[in-house]
Amino acid sequence: MAAGYLDVLRARHATRLLAGTLVGRLPSGTAHIAIVLFTRAEGGSYTLAGALAAAYGLATAVGQPLLGRAVDLHGQPRVQLPAAILSALGMALFALVGLDPLPLACLAVVIAGVCTPPLEGGLRALWPTVLGREDRVHRAYAMDAVAQEIMFTVGPLLVTVLVAVWSPAVALLVINAIGVAGALSVVLSEPSRTWRSAPREAHWLGALRSPGLLALLGSFFFVGLALGSITVAGVAYADDHGDASVYGWLMAALGLGALIGGVAYGARQWAGAPERRLRGIVALLALGYLPLMLTPGVAAMTGLAALAGVFLAPAIACSFIVVDRHAPRGTVTEAFSWLVTTFGVGAAAGTALAGPAVELGGTAWSFAVAGAGGVAALAVLLATGRVLAVPVRTPTFVTGSENDRNGAVEPGFSSGHKA
């Protein structure tokens, strides 16, 4: 199992690109926590803190696909680094100005969100050229999904340490400075500097003109909704048991399950159409969310949380390959950025729905939102099966100067074999 991942990491530029992307994404992965802590330290209410964090999230959702399209049109260095610098400057302005005047604080947060560089989509566009073999790309997608779980675990811890040692303002400044350093590491690498998107057909919809991509985005909106609702439901469960640390155990178990599932998924080669496999994985994901409604004792609930997380990273990793197969030619970065945006908007919706669910029916109802989200995600995939069965292009593996590998295939497919 480890040999396959080591093979990926030994490829030239692979470790640098993965590490640089993770570091570069640190601000976006921790911004909601840092914004809330800073707002409270400045005397703002929880309502204002939540509103500013939501404004950042919505601005990021708007900016990601727009910047992703710009990357496809103009290359990575011209977009990624300026965007990272502008985003960091927006957060620096927020840290220096504080909440007075409030309109300026809101503007600073929105600038930081809109300008968040689409490093995730950029990395996934680079993997085929950097790794050169389909089995390596497959493992890299799984490793990417696992690395996200690590980032979302370590990132909040780092913010907490910076706040404890210095202040929330310093945390904002340091996290975003680190993010710029990560983006700089990526764009100065040879693969990023030489990457060029495939020629694209001029169309105002860009990647969204692909019916298969729209179907996938619809499904992953509900996957995001399920995950977002669990973050609120977990707090309610911890409150019911009178111990705030329970929440940490539940989230850690969820992340551990995702890590185990992602590592196991990427360790083997998969034959067959990824769209069909994705339906099976999402079905198991939904099945894992449903028992959470039982809300048993802490030990059993922690085990259920770990089980619920097992199929999350495999679902994300498999979705990367489906995106690659259905993105119209020349839109691969934009397409991946749309996946990030849709997932994030779904998570925000899940957070918003879980709160009222707790107040109306208690903790079990908030976990029911997660179960419903998983079922809805599966329903979308089942309803759009015919659309997803037809990739935009016949799968081929592109090398040389053609760096955009739309229509990528997984291990078990021969070049030119149609799914």
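With sequence neighbours left out, the side-chain hydrogen bond (donor to acceptor under 3.5 Å, both in side chains) criterion links Thr363 to Asp240. Every residue two or more places apart in sequence or in another chain was checked for a side chain to side chain contact (heavy atoms under 4.5 Å, CB included) with Glu359, and none qualifies. Not a single side-chain hydrogen bond (donor to acceptor under 3.5 Å, both in side chains) links Thr342 to another residue, sequence neighbours left out. Considering only residues two or more places apart in sequence or on other chains, Gln64 meets the side-chain hydrogen bond (donor to acceptor under 3.5 Å, both in side chains) condition with none of them. The ring pair (Phe, Tyr, Trp, His ring centres under 6.0 Å) search around Phe222 returns none, not counting sequence neighbours. When the side chain to side chain contact (heavy atoms under 4.5 Å, CB included) test is applied to Val358, the partners found at least two apart in sequence or on another chain are Ala236, Ser366. Taking Phe94 as the reference, Phe38 meet the ring pair (Phe, Tyr, Trp, His ring centres under 6.0 Å) condition, with sequence neighbours excluded. Judged as a side chain to side chain contact (heavy atoms under 4.5 Å, CB included), and not counting sequence neighbours, the contacts of Leu173 are Ala92, Ala95. Residues meeting the ring pair (Phe, Tyr, Trp, His ring centres under 6.0 Å) test with Phe311, sequence neighbours left out: none. Residues that satisfy the side chain to side chain contact (heavy atoms under 4.5 Å, CB included) test with Ala306, not counting sequence neighbours, are Ala253.
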- Between Leu227 and Leu254, does a side-chain contact (heavy atoms from CB on, under 4.5 Å) hold up when you go through it step by step? CA-CA 10 Å; Leu227 192 61; Leu254 194 70; 3.8 Å; yes
- Stepwise side-chain contact (heavy atoms from CB on, under 4.5 Å) check, Leu250 with Tyr237: CA-CA 9 Å; Leu250 292 182; Tyr237 180 85; 3.6 Å; yes
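Checked by atom type and distance alone, the side chain of Ser229 never pairs as donor or acceptor with a backbone atom of Gly350 at under 3.5 Å. Listed for the Thr21 side chain is no donor-acceptor partner under 3.5 Å among the backbone atoms of Leu18. In terms of modelled atom types and a separation under 3.5 Å, the side chain of Ser319 and the main chain of Ile316 share a donor-acceptor contact. Checking side-chain atoms of Arg277 against main-chain N and O of Ile281 turns up no donor-acceptor pair under 3.5 Å. A donor-acceptor pair under 3.5 Å links the side-chain atoms of Arg193 to the main chain of Leu188, judged by distance alone. Between the side chain of Thr194 and the backbone N or O of Glu190, at least one donor-acceptor pair lies under 3.5 Å. Although no hydrogens or angles enter the test, the distance criterion places no donor-acceptor pair under 3.5 Å between the side chain of Ser167 and the main chain of Val163.
Nearest heavy-atom pair, Leu213 versus Ala335, reported as atom, atom and distance to 0.1 Å: CD2-CB, 3.9 Å. In this structure, Met293 and Phe367 approach most closely via the heavy-atom pair CG-C, 3.8 Å. Taking both residues in full, the closest heavy atoms of Ser219 and Leu381 are given as OG-CG, 3.4 Å, listed atom of the first, atom of the second, then distance. Minimum interatomic distance between Pro191 and Leu126 (heavy atoms only, all atoms of both residues): O-CD2, 3.6 Å. In this structure, Ala315 and Leu278 approach most closely via the heavy-atom pair O-CD1, 3.6 Å. Residue Pro118 comes nearest to Val71 through the heavy atom pair CG-CG2, 4.0 Å, listed as atom of the first residue, atom of the second, then distance.
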Residues 106-117 side chain polar contacts: donor-acceptor under 3.5 Å, at least two apart:
from   : atom 1 : to     : atom 2 : distance (Å)
Thr116 : OG1    : Tyr56  : OH     : 3.4
Thr116 : OG1    : Ala112 : O      : 3.0
Thr116 : OG1    : Gly113 : O      : 3.1

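Between the OG1 atom in Thr30 and the CD1 atom in Ile175 there is a gap of 4.5 Å [rounded to 0.5 Å]. From Leu37, atom CG reaches atom CD of Glu42 across 12.0 Å, with rounding to the nearest 0.5 Å. Between the CE atom in Met91 and the CG atom in Leu93 there is a gap of 11.0 Å [rounded to 0.5 Å]. Here CG of Leu102 is found 5.5 Å from CG of Leu48. Values are rounded to the nearest 0.5 Å. Taking OG of Ser192 as the start and CD of Gln76 as the end, the distance is 3.5 Å to the nearest 0.5 Å. Residue Leu158 holds its CG atom at 5.5 Å from CD1 of Ile178, rounded to the nearest 0.5 Å.
Residue pairs that meet the salt bridge (charged side-chain N to carboxylate O under 4.0 Å, His left out) test with at least one member in residues 252-264, sequence neighbours left out, do not exist here.
Side-chain contact between Tyr265 and Cys318 is present, with heavy atoms from C-beta onward closer than 4.5 Å. Side-chain contact between Val310 and Leu284: absent, with no pair of heavy atoms (C-beta onward) separated by less than 4.5 Å. Contact check for Val187 versus Val79: no side-chain heavy atoms found under the 4.5 Å cut-off. At least one side-chain heavy atom of Tyr289 sits under 4.5 Å from a side-chain heavy atom of Leu312. Between Ser185 and Val23, every side-chain heavy-atom pair lies at or beyond the 4.5 Å cut-off. In this structure, Glu120 and Phe336 have side chains that are not in contact, with every pair of non-hydrogen atoms separated by 4.5 Å or more. Counting heavy atoms from C-beta on, the side chains of His326 and Leu216 never come closer than 4.5 Å. No side-chain heavy atom of Leu67 sits under 4.5 Å from any side-chain heavy atom of Gln80.
Using cut-offs of 30° and 60° for the angle between ring planes, the Phe343 and Phe220 rings count as tilted.
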